[in-house]
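The figures here come from the full heavy-atom set of this structure, side chains too, leaving out hydrogens, waters and symmetry mates.
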Amino acid sequence: LTVLAGGFTTDRDFVDMLRVMQIALSQGQLKPEDAAETARLLTEEFPSSDRLINRELMCLLTYLRVSSIMDRYLEYLGSADVHDVDKLHVALHLPLLSDGWNAGRQIQLIEFLDAAQGQPGGSSRASCITTASRSFAQSLSDERVREILAEGDRWPHAAVALLYRLPQHLDAATLTTLKQLDERLQENRDSTTTRLKVGLVAVMARSGDAESLAYLRTLWERDPERRPAVAMGLAQWPTGENWHYLIRSLPVVESDVAR
């Protein structure tokens with residue numbers, strides 16, 4: 001197939017060949033290093049002017065761990081001539097590549113995935129994007145996670161995914177970043193920001209350090225709408241000052257939260 005692909009083929013035949021390559025690599029249990037020449041050939045083909053070819057190429061290039069054309073992948077995401085669905089297909093594959101990233105490229109993908117979360121689609125669309133965002137978050141350094149969370153009000157969907165990347169015990173710098181982000185979100189009431197606020201409460205409650213719990217008690221006093229979420233967080237540490245807030249929460253929370 002590699003030999004045939006090096007000559008002239010129609011787009012329809014090339015799509016079929018790419019699909020057979022996928023089956024051969026998978027069923028033959030071939031590793032990327034076993035197909036270096038195939039990877040080199042396919043690298044030259046992306047992006048094609050044919051939508052189907054690009055989709056099949058992306059599957060193969062990801063499997064073969066081709067990260068040398070990262071700039072081409074990201075240019076594809078930013079092209080006005082590419083259909084949004086085809087861009088998303090590429091974006092969902094990129095987190096599987098571990099090499100070829102720098103800060104600018106990471107932020108570009110995060111911005112794309114964040115914007116894609118807000119677009120309409122099928123019922124599983126959002127969950128697929130969330131899965132990709134969480135997968136990508138696992139590859140980021142602790143410093144990069146803090147940098148992106150520091151601007152979580154710009155990328156609320158991405159910030160929610162990055163919260164899952166944080167360790168249980170927060171260091172002082174990370175806690176400060178989360179508190180400052182929460183303060184900036186205070187007046188925002190849209191559904192995405194609400195999810196991020198709940199996530200911030202959950203992460204700080206999980207940490208359980210004195211400063212985090214003190215901040216949650218401040219939130220309880222300041223924002224009545226957030227009391228159910230804050231009470232759920234404080235209930236993980238139902239002693240000391242938190243006990244008083246839990247008792248005060250009982251008349252204002254719904255039945256499930258109360259239990």
Side-chain angles (χ1 to χ4, degrees), residues 92 110 113-138 145-146 148-171 174-259:
L92 293 177
I110 286 170
L113 291 173
D114 187 83
Q117 279 277 21
Q119 296 171 353
S123 59
S124 63
R125 186 180 192 276
S127 63
C128 287
I129 298 173
T130 297
T131 298
S133 298
R134 291 180 182 176
S135 172
F136 190 55
Q138 294 303 315
V145 169
R146 280 198 299 269
I148 295 171
L149 282 174
E151 299 190 65
D153 45 335
R154 289 178 56 193
W155 309 309
H157 293 289
V160 171
L162 289 177
L163 290 177
Y164 290 88
R165 168 69 171 68
L166 295 176
Q168 177 175 348
H169 300 292
L170 305 174
D171 59 37
T174 302
L175 178 56
T176 298
T177 297
L178 297 183
K179 288 164 59 178
Q180 290 174 346
L181 172 59
D182 190 76
E183 293 286 349
R184 294 198 305 276
L185 297 174
Q186 183 177 348
E187 300 303 322
N188 296 352
R189 307 291 181 181
D190 60 275
S191 59
T192 303
T193 302
T194 298
R195 286 181 57 230
L196 178 53
K197 288 179 178 180
V198 171
L200 288 168
V201 168
V203 168
M204 285 188 270
R206 183 185 64 183
S207 182
D209 61 277
E211 187 175 354
S212 294
L213 296 180
Y215 182 77
L216 294 182
R217 292 192 294 269
T218 299
L219 279 184
W220 195 98
E221 297 283 5
R222 185 179 70 194
D223 193 342
E225 290 185 9
R226 299 179 70 181
R227 285 177 182 173
V230 173
M232 289 287 285
L234 295 178
Q236 297 179 51
W237 311 92
T239 58
E241 293 182 68
N242 293 347
W243 179 256
H244 175 62
Y245 282 85
L246 294 174
I247 296 300
R248 292 173 64 193
S249 296
L250 289 175
V252 297
V253 296
E254 299 296 332
S255 58
D256 289 342
V257 177
R259 279 197 292 272

List the atom of [X], the atom of [Y], and the distance in Å for their closest heavy-atom pair.
| X | Y | answer |
| --- | --- | --- |
| Ala229 | Val198 | CB-CG2, 4.4 Å |
| Val253 | Pro228 | CG1-CA, 4.0 Å |
| Ala159 | Gly152 | CB-CA, 3.9 Å |
| Ser124 | Ser127 | O-OG, 2.8 Å |
| Leu178 | Leu149 | CD2-CD1, 4.0 Å |
| Leu92 | Cys128 | CD2-O, 3.9 Å |

Is any side-chain heavy atom of Leu113 closer than 4.5 Å to a side-chain heavy atom of Gln117? no
Interatomic spacing from [atom1] in [X] to [atom2] in [Y] - rounded to 0.5 Å:
| X | Y | atom1 | atom2 | result |
| --- | --- | --- | --- | --- |
| Glu221 | Arg227 | CD | CZ | 6.5 Å |
| Asn188 | Leu196 | CG | CG | 9.5 Å |
| Ile110 | Ile148 | CD1 | CD1 | 3.0 Å |
| His157 | Arg195 | NE2 | CZ | 7.0 Å |
| Leu219 | Lys197 | CG | NZ | 9.5 Å |
| Asp182 | Tyr215 | CG | OH | 3.5 Å |

Practice prompt. Would you sort out whether Asp223 and Val230 count as a side-chain contact (heavy atoms from CB on, under 4.5 Å), showing the intermediate values?
Written response: CA-CA 10 Å; Asp223 193 342; Val230 173; over 6 Å; no
(request) Start with the C-alpha distance between Asp209 and His169, add both sets of side-chain angles, then the distance that settles side-chain contact (heavy atoms from CB on, under 4.5 Å), and finish with yes or no. (result) CA-CA 8 Å; Asp209 61 277; His169 300 292; over 6 Å; no
Original post:
Of all residues at least two apart in sequence or in a different chain, which pass the ring-ring contact (aromatic ring centres under 6.0 Å, His included) check with Tyr245?
Top reply: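 For Tyr245, the residues satisfying ring-ring contact (aromatic ring centres under 6.0 Å, His included) (neighbours in sequence not counted) are Trp220.
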When you measure from the side chain of [X] to the backbone of [Y], do you find a donor-acceptor pair of N or O atoms at a distance under 3.5 Å?
| X | Y | value |
| --- | --- | --- |
| Arg165 | Phe136 | no |
| Arg206 | Pro167 | yes |
| Ser212 | Gly208 | no |
| Ser135 | Thr131 | no |
| Ser207 | Val203 | no |
| Asp153 | Leu185 | no |

Sequence neighbours excluded, the answer for salt bridge (Lys or Arg N to Asp or Glu O under 4.0 Å) partners of Glu225 is Arg189
[atom1]/[X]: more than 12 non-hydrogen atoms of other groups inside 6.0 Å:
| X | atom1 | value |
| --- | --- | --- |
| Arg217 | CZ | yes |
| Gln168 | CD | yes |
| Gln186 | CD | yes |

